[in-house]
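One structure is given here, and the rest of the page talks about it.
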Amino acid sequence: MKRDITVTRTAMPSLEEYIDKIRILWDSRWLTNMGVYHRELEEALKAYLGVPWLSLMVNGHMSLELTVQAMDFPQGSEVITTPFTFISTTHAIIRNKLTPVFCDIKLEDYTIDEEKIEDLITEKTVAILPVHVYGNVCNTKKIAEIADKYNLKVIYDAAHAFGEKVDGVGIGNFGDASVFSFHATKVFHTIEGGAVSFSDPKLYQKLYDLKNFEIHSEEIIAQVGANAKMNEFSAAMGLCNLPYIEENIKERKRRVFYYKEKLSHIEGIILPGYHQKNMKYSYGYFPVLFQPQLLGEGMRDIVYEKLRDIHIQARKYFYPITSDAPCFRNKYRKVSLENARYVGENILALPLYPELEFEKMDEIIYLIEHICSKRENGMG
Ligand SMILES: *Cc1c(COP(=O)(O)O)cnc(C)c1O
C-alpha cells in the first residue's frame with residue numbers, strides 16, 4: 001500500500017545499531033531507574049545543547065509539569081503564557097493548580113508579544129512561560145528584564161527548538177529552565193522522552209526526586225512526587241539518534257530552502273522567515289500563513305483538504321489556540337488574543353522531514369500555487 005505523506009516522519013537509526021545498544025540490557029536486567037544509558041544520554045545532551053545542567057524525563061509534558069512544580073508557587077498564582085502552542089504547555093500550568101494568563105503573540109514570528117506582558121502582571125503573577133514556537137526564539141532579553149523587575153521565574157517551552165543556538169549560546173540557557181520534548185515526531189527523539197535544562201544546580205536534585213516519587217531513601221518520602229523517569233530503551237534510542245542529528249538538520253534545511261524558493265513568488269502567503277540574527281536553527285517546521293485579506297477566508301482549510309485528497313497530511317498547528325480549547329474557553333482572564341487567533345485560523349504546517357522526497361514537495365508546491373493563483377484572479 002502506498003504510504004501517505006505526513007507532516008513529519010520519525011528518524012530512525014539502523015536496526016543493527018539499536019540492537020547492539022540494547023543487547024547489554026538483556027544481561028544487566030537494568031531497564032529503568034537511572035541506568036547507564038540514562039546517565040550517558042544526560043551527559044551527551046549537556047554537551048550537545050551546551051547547557052550546564054540537564055534532567056532527563058519520560059516525556060516533554062512531564063518535564064514541563066515537574067519544572068513548574070519544582071518552583072513551589074503558591075496555589076492559584078498566575079503564570080503568563082502564550083495560547084499559540086501545543087495544549088501541553090497550558091495543561092502543565094493548570095495541572096499545577098495555577099492560573100494561566102494568556103498573552104497575545106507577534107505576527108512577525110508568532111512568539112509571545114513581550115510588549116504586552118507587563119500589562120498582565122498582577123500581585124499574583126509568579127512566572128512567565130513562553131514558547132520558542134516553530135523554533136523562533138522569543139525575545140529572551142526583554143523577557144529577562146521584565147522577570148528581574150517583577151521578580152518572576154521564566155520557564156521556556158523549548159520543545160520546538162532542540163539544538164538551536166543564539167550567538168553561539170545554546171537555547172537551553174535562557175530563563176530559569178527550558179523544557180525539551182523527545183517525542184517520536186520531534187527533530188530529535190527517544191521514542192517518548194523529554195528533558196529540562198537549567199543553571200541552578202539545586203534544581204537537579206529537586207527534579208530527580210520529583211521524577212522518582214520523592215523517595216529520598218527507602219523509608220523517607222519527603223512530599224508528593226511523580227514517576228517521570230526515562231527508561232533505558234528510550235535513552236538507548238537517544239544515544240543512537242544523536243550522532244545523526246546534524247545530518248538530519250542539514251537535510252531539513254535543504255527542504256526548508258527549497259520550499260522557500262519555490263513558494264516565495266505566490267502572493268498572499270507568508271513563509272517562515274528563518275532569518276533571526278546569528279541563529280543556528282534546527283528547522284523543525286514549515287508553517288505557511290494564508291492571508292485571508294488577499295486570498296479570501298478559509299484558504300488554509302481549502303489547502304488542507306486538497307492536500308488530504310492527494311494523501312498528503314499537513315497539520316493545523318496550532319488550531320484552535322489553547323485558550324479556545326472547549327475545556328478552557330471563557331474560564332480565564334479575558335485578554336485580546338487577536339493575533340494568536342488570526343494565526344491559528346490561517347496557518348498550516350507543511351510536511352517536513354529529512355527523507356521527504358523533493359518530488360512530493362513539488363506536488364505540494366504545485367497544489368498551493370494552483371489554488372492560490374485561482375483565488376487571486378477571482379476565479380475560485
Ligand atoms: C511536543 C510538545 C510538548 C509535549 O511534549 P511530549 O514529549 O509530547 O510530552 C510540549 N510543548 C510543545 C510546544 C510541544 O511541541
Do you know the tightest heavy-atom contact between [X] and [Y]?
{"X": "Ala340", "Y": "Ile321", "value": "O-CG2, 3.4 Å"}
{"X": "Pro74", "Y": "Leu98", "value": "O-CD2, 3.5 Å"}
{"X": "Pro83", "Y": "Cys103", "value": "CD-O, 3.1 Å"}
{"X": "Tyr259", "Y": "Phe286", "value": "CB-CZ, 3.4 Å"}
{"X": "Tyr317", "Y": "Ile347", "value": "O-CG2, 3.0 Å"}
{"X": "Gly284", "Y": "Val187", "value": "CA-CG2, 3.6 Å"}

Check your understanding: Is it true that the side chains of Asp209 and His216 contain a donor and an acceptor less than 3.5 Å apart?
Key -> yes

**Study point:** Short side-chain donor-acceptor distance under 3.5 Å, Thr185 and His183
**Key:** yes

For [Y], does its backbone N or O pair with a side-chain atom of [X] as donor and acceptor, under 3.5 Å?
{"X": "Arg39", "Y": "Met34", "answer": "yes"}
{"X": "Ser234", "Y": "Thr190", "answer": "yes"}
{"X": "Asp104", "Y": "Asn339", "answer": "yes"}

To the closest 0.5 Å, what do you measure between [atom1] ([X]) and [atom2] ([Y])?
{"X": "Asn346", "Y": "Ile270", "atom1": "CG", "atom2": "CD1", "answer": "10.0 Å"}
{"X": "Ser88", "Y": "Glu65", "atom1": "OG", "atom2": "CD", "answer": "8.5 Å"}
{"X": "Leu307", "Y": "Ile5", "atom1": "CG", "atom2": "CD1", "answer": "11.0 Å"}

**Study point:** Check: Phe102 and Thr322 side chains under 4.5 Å, non-hydrogen atoms
**Key:** yes

**Study point:** Residue pair Phe84 / Val131, side-chain heavy-atom distance below 4.5 Å
**Key:** no

Short N-O contact, [X] and [Y], less than 4.0 angstrom:
{"X": "Lys206", "Y": "Asp72", "answer": "yes"}
{"X": "Lys262", "Y": "Glu369", "answer": "no"}
{"X": "Glu114", "Y": "Lys141", "answer": "no"}
{"X": "Lys106", "Y": "Asp109", "answer": "yes"}

Looking at the rings of [X] and [Y], which for Trp means the six-membered one, are their centres under 6.0 Å apart?
{"X": "Phe318", "Y": "His160", "answer": "yes"}
{"X": "Phe188", "Y": "Tyr244", "answer": "no"}
{"X": "Phe162", "Y": "His189", "answer": "no"}

Check your understanding: In terms of heavy-atom contacts, does CD of Glu338 have more than 12 from other residues, nucleotides or ligands at under 6.0 Å?
Key -> no

**Study point:** Neighbour count above 12 (heavy atom, 6.0 Å) for Gln75 CD
**Key:** no

Check your understanding: When you look at Tyr283 and Glu164, which way does the side chain to side chain donor-acceptor pair (under 3.5 Å) test go after all the steps?
Key -> CA-CA 9 Å; Tyr283 300 100; Glu164 294 197 341; over 6 Å; no

Review point. Can you say whether the rings of Tyr274 and Tyr281 are parallel (under 30°), tilted (30 to 60°) or perpendicular (over 60°)?
Key: perpendicular

Practice item. Please write out which residues are connected to Trp30 in a hydrophobic cluster, directly or through intermediates, given that two of Ile, Leu, Val, Met, Phe, Trp, Tyr count as joined at side-chain heavy-atom separations below 4.5 angstrom. Key: none

